[in-house]
2 protein chains.
Amino acid sequence: MTLEEQLKQKEFKTKRQRAYLNVVYTASVLNLEQTRLFKPFGLSLQQYNVLRILRGQNGTPVSIGLIQERMLDIQSNASRLIDKLEDKKLVIRKVCPNDKRQMEITITHEGLKVLLELDTVIASNESNIQLTDGEADMLNDLLNKLRENQKSK
Amino acid sequence: MTLEEQLKQKEFKTKRQRAYLNVVYTASVLNLEQTRLFKPFGLSLQQYNVLRILRGQNGTPVSIGLIQERMLDIQSNASRLIDKLEDKKLVIRKVCPNDKRQMEITITHEGLKVLLELDTVIASNESNIQLTDGEADMLNDLLNKLRENQKSK
DNA sequence: GCAAATTATATGTATATACATACAATTTGC
DNA sequence: GCAAATTGTATGTATATACATATAATTTGC
């Protein structure tokens, strides 16, 4: 479905506006899709992202701040996400002995197990993307350019 | 800032994965930017979108369902958005006499006034986008292609 | 013409973001 | 070495999404 069909709109004021709205719309489609993918595993998209970041550390504990920094979503609230993951026993939260303000978060064996299950599901979903390598590169470059000179944080 | 810098990640498994994440990330940047733009006017991004849809009807009342259909965000909750706009006296909600299940939503004079103020702000923001018409078209096509064969709604 | 199905909207719950603020622990500037 | 500033995390509030369910009004099938 094209953007015009979805929005039931005949035309846009500018081509840039159409591209802009298409980015936002496409992201919401992709997000919804991923959310549904994760649902059977009892994980939200953001909870999954946190687990991925933790796995990437290979056992080294990670602070809340570092998780926050690496989240795709700007200004998400890592503290509360960790709460949920802790409830599910997928991560462990310990006060850092060197700096009692900091928390040391590590992924549990159980957390790694869930991630492993999800890897396959995600990979098969991503293989549905119809872009060639060249197209993917081009899309990537255009998005980087779109963000240029935008004054957001 | 490139996606790699933002995510502090050296490489992605596939170019498609990088493009995919870049769409999601870019959209969150754009959304945040717009949200901040609207904040001084006491409107959220979604509330603004609803007002835009209503203005597009040139005074013809619109049902909740039609608003829902036209929202960029799939499965958003138009009913509650209208609540907020009604509280602010920017829209009027009346029961449709022909079909008492339906609501007839119209934008108020005050609502139109707020939109008018916002038009300038939005236009100036969109003029910061660094894409040429050709690039915008290409981006649009690539996004449409990315969504193809995705099984979401 | 009435029961059953459908439609339009509303509402409850869980999750998440954005922002402001709070608060304790640590670092700094003198 | 102590007050002031900064840092790391938590929490409160408003907004929004996603989903399930509820309810009233309308349409349909017989």
Side-chain angles (χ1 to χ4, degrees), chain A residues 24-25 27-50 61-88 91 93-105 152-153, chain B residues 24-25 27-50 61-88 91 93-105 152-153:
Chain A
V24 173
Y25 172 64
S28 80
V29 170
L30 299 183
N31 268 324
L32 180 58
E33 188 179 84
Q34 294 242 44
T35 298
R36 287 182 180 162
L37 223 53
F38 295 150
K39 189 132 204 224
F41 296 86
L43 282 184
S44 73
L45 178 52
Q46 298 314 324
Q47 287 168 16
Y48 168 76
N49 285 335
V50 172
V62 163
S63 71
I64 300 276
L66 196 137
I67 293 170
Q68 186 109 330
E69 248 178 48
R70 304 234 174 143
M71 295 288 290
L72 258 188
D73 293 83
I74 305 150
Q75 305 217 26
S76 93
N77 198 327
S79 186
R80 277 185 269 227
L81 281 171
I82 297 292
D83 284 349
K84 304 287 163 59
L85 291 170
E86 209 184 1
D87 289 348
K88 291 173 196 152
V91 306
R93 182 198 238 132
K94 281 199 311 194
V95 174
C96 171
N98 298 329
D99 182 343
K100 282 178 216 135
R101 291 169 308 179
Q102 270 190 205
M103 286 297 175
E104 290 185 337
I105 318 293
S152 66
K153 186 189 152 190
Chain B
V24 174
Y25 173 65
S28 80
V29 170
L30 300 182
N31 268 324
L32 180 59
E33 190 179 83
Q34 293 241 45
T35 299
R36 287 183 180 159
L37 223 55
F38 295 149
K39 189 129 205 224
F41 297 86
L43 282 184
S44 74
L45 178 52
Q46 297 315 325
Q47 287 169 18
Y48 169 76
N49 286 336
V50 172
V62 164
S63 71
I64 301 275
L66 197 137
I67 292 170
Q68 185 109 329
E69 248 177 50
R70 306 234 171 146
M71 295 287 289
L72 257 189
D73 293 83
I74 305 150
Q75 305 217 25
S76 92
N77 198 327
S79 185
R80 278 185 269 227
L81 281 170
I82 298 292
D83 284 347
K84 304 289 163 60
L85 291 170
E86 209 182 3
D87 289 348
K88 291 172 196 154
V91 306
R93 183 199 238 130
K94 281 199 312 196
V95 174
C96 172
N98 299 329
D99 180 343
K100 283 179 215 132
R101 292 170 305 179
Q102 272 191 201
M103 287 296 176
E104 291 187 336
I105 317 294
S152 67
K153 187 201 148 181

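Just so you know, these numbers use all the heavy atoms, side chains as well, and skip hydrogens, waters and symmetry mates. In what follows, chains carry the letters A, B, and so on, assigned in the order in which the sequence lines appear, proteins first and then strands, with residues in each chain numbered from 1. Treat the numbers as computed from the prediction; the structure is a model and nothing was measured.
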Inset, instruction - Consider the side chain of A:Gln47, meaning its heavy atoms from C-beta on, and name the nucleotide among C:dT9, C:dT11, C:dT15 that approaches it most closely. - result: C:dT15
Legend entry - G-U wobble or Watson-Crick pairing nucleotide for D:dC2 (cut-off 3.5 Å, both distances): C:dG29
Inset, instruction - Please determine which of B:Asn77, B:Leu81, B:Ile82 meets the side chain to side chain contact (heavy atoms under 4.5 Å, CB included) test together with B:Ile64. - result: B:Ile82
Legend entry - Within-4.5 Å side-chain heavy-atom neighbours: A:Val95 and A:Glu104: no
Legend entry - Sugar-phosphate, base or nothing in reach of A:Asn49, heavy atoms under 4.0 Å: nothing
Inset, instruction - Starting from P on C:dA25, measure out to CD on A:Glu104 and report it in whole angstrom. - result: 16 Å
Legend entry - Sugar-phosphate only, base, or nothing, as touched by B:Asp99 at under 4.0 Å among non-hydrogen atoms: sugar-phosphate
Inset, instruction - Would you tell me if any nitrogen or oxygen in the side chain of A:Gln46 comes within less than 4.0 Å of OP1 or OP2 on C:dT17? - result: yes
Inset, instruction - Under 4.0 Å between any heavy atoms, over every strand shown, what does A:Leu81 touch: base, sugar-phosphate, or nothing? Just pick one. - result: sugar-phosphate
Legend entry - d(CZ, A:Phe41; P, C:dT15) in whole Å: 18 Å
Legend entry - Flag, side chain of A:Lys88 to backbone of A:Gly42, donor-acceptor distance under 3.5 Å: yes
Show me the protein contacts with nucleotides 4-7 of chain C, counting only N or O atoms at under 3.5 Å.
{"residue": "C:dT7", "atom": "O2", "partner": "B:Arg101", "partner atom": "NH1", "Å": "2.8"}

Legend entry - Earlier contact from the 5' end, DNA chain C, for A:Leu45 and B:Lys39: A:Leu45
Legend entry - A:Arg93 vs B:Asn77, nearer the 5' end of DNA chain D by closest nucleotide: A:Arg93
Legend entry - Set of side chain to side chain donor-acceptor pair (under 3.5 Å) partners for A:Gln34, sequence neighbours left out: B:Tyr20
Inset, instruction - Rounded to the nearest angstrom, tell me the gap between atom CD1 in A:Ile82 and atom P in C:dT17. - result: 12 Å
Legend entry - Opposite nucleotide pairing with D:dT11, Watson-Crick or G-U, both atom distances under 3.5 Å: C:dA20
Legend entry - Rounded distance [0.5 Å steps], CZ in A:Arg36 versus CG in A:Leu45: 13.0 Å
Inset, instruction - Find the distance between CD (B:Glu86) and CZ (B:Arg93) and round it off to the nearest 0.5 Å. - result: 4.5 Å
Inset, instruction - Would you kindly give the CZ-to-C1' distance between A:Arg80 and C:dC19, to the nearest whole Å? - result: 10 Å
Inset, instruction - Provide, to the nearest angstrom, the distance between the CG atom belonging to A:Leu43 and the C1' atom belonging to D:dA18. - result: 16 Å
Legend entry - Proximal nucleotide (of C:dT15, D:dT15, C:dA10) relative to the A:Lys84 side chain: C:dT15
Legend entry - Distance, rounded to the nearest Å, where B:Leu37 contributes CG and C:dA18 contributes C1': 15 Å
Legend entry - Closest-nucleotide 5' rank along DNA chain D - winner of A:Ala78 and B:Lys100: A:Ala78
Inset, instruction - Kindly say if A:Ser79 contacts the phosphate of D:dT9, meaning a side-chain N or O under 4.0 Å from OP1 or OP2. - result: no
Inset, instruction - Measure the distance from CZ on A:Arg36 to P on C:dT15 and round it to the nearest whole Å. - result: 18 Å
Inset, instruction - Measure the distance from CG on A:Leu32 to C1' on D:dT17 and round it to the nearest whole Å. - result: 9 Å
Inset, instruction - Name the nucleic acid region contacted by B:Ser63, choosing base, sugar-phosphate or nothing; use a 4.0 angstrom heavy-atom cut-off, strictly under. - result: sugar-phosphate
Inset, instruction - Give a yes or no answer on whether the side chain of B:Gln102 reaches the backbone of B:Ser63 with a donor-acceptor pair at less than 3.5 Å. - result: no
Legend entry - Heavy-atom pair with the smallest gap, counting every atom of B:Leu43 and B:Phe38: O-CB, 3.1 Å
